[in-house]
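Values below: all heavy atoms of this structure, side chains included; hydrogens, waters and symmetry mates excluded.
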Amino acid sequence: MPLAPQRADVPVTIDESKCIDGCTLCVDMCPLDSLAIDPGSGKAYMHVDECWYCGPCAARCPTGAVTVDMPYLLR
């Protein structure tokens, strides 16, 4: 089963090459608990498709690995 970062239709994507193993800052900041850490790789991924587009996950990421794809009508 593919993990959410490999899908293009989720609102939050994680660049695994920039994501720090074991860092949970984005997961801790998400008010909906939409992000999780993959136990195999230690990288963050979006495990549910719900998102408020609030952005603290991307703002808190120290490496810029988290991207929130905000819909055009919400910008």
Side-chain angles (χ1 to χ4, degrees):
M1 179 167 109
L3 297 176
Q6 298 169 347
R7 294 176 39 198
D9 61 341
V10 294
V12 177
T13 54
I14 315 298
D15 183 347
E16 289 190 7
S17 66
K18 294 180 182 178
C19 186
I20 301 170
D21 292 349
C23 174
T24 62
L25 292 175
C26 62
V27 175
D28 296 339
M29 294 304 296
C30 181
L32 297 176
D33 294 328
S34 297
L35 301 175
I37 300 295
D38 179 27
S41 68
K43 308 283 184 169
Y45 71 101
M46 189 166 191
H47 71 101
V48 295
D49 291 346
E50 188 172 341
C51 181
W52 287 346
Y53 306 100
C54 55
C57 57
R60 188 71 171 114
C61 181
T63 62
V66 181
T67 303
V68 179
D69 184 24
M70 192 164 304
Y72 180 73
L73 294 176
L74 292 178
R75 293 182 200 167

Got a list of side-chain donor-acceptor pairs under 3.5 Å for residues 21-35, not counting sequence neighbours?
from, atom 1, to, atom 2, distance (Å)
D21, OD1, K43, NZ, 3.0
T24, OG1, D28, OD2, 3.1
S34, OG, E50, O, 2.5

| For V12 and C51, which heavy atoms make the closest approach, and how far apart are they? | CG2-SG, 3.8 Å
| message | Tell me the closest heavy-atom pair linking V68 and Y53, and the distance in Å. | response | CG1-CD2, 4.0 Å
| T63 and I20: side-chain contact (heavy atoms from CB on, under 4.5 Å), yes or no, with the steps? | CA-CA 8 Å; T63 62; I20 301 170; 3.6 Å; yes
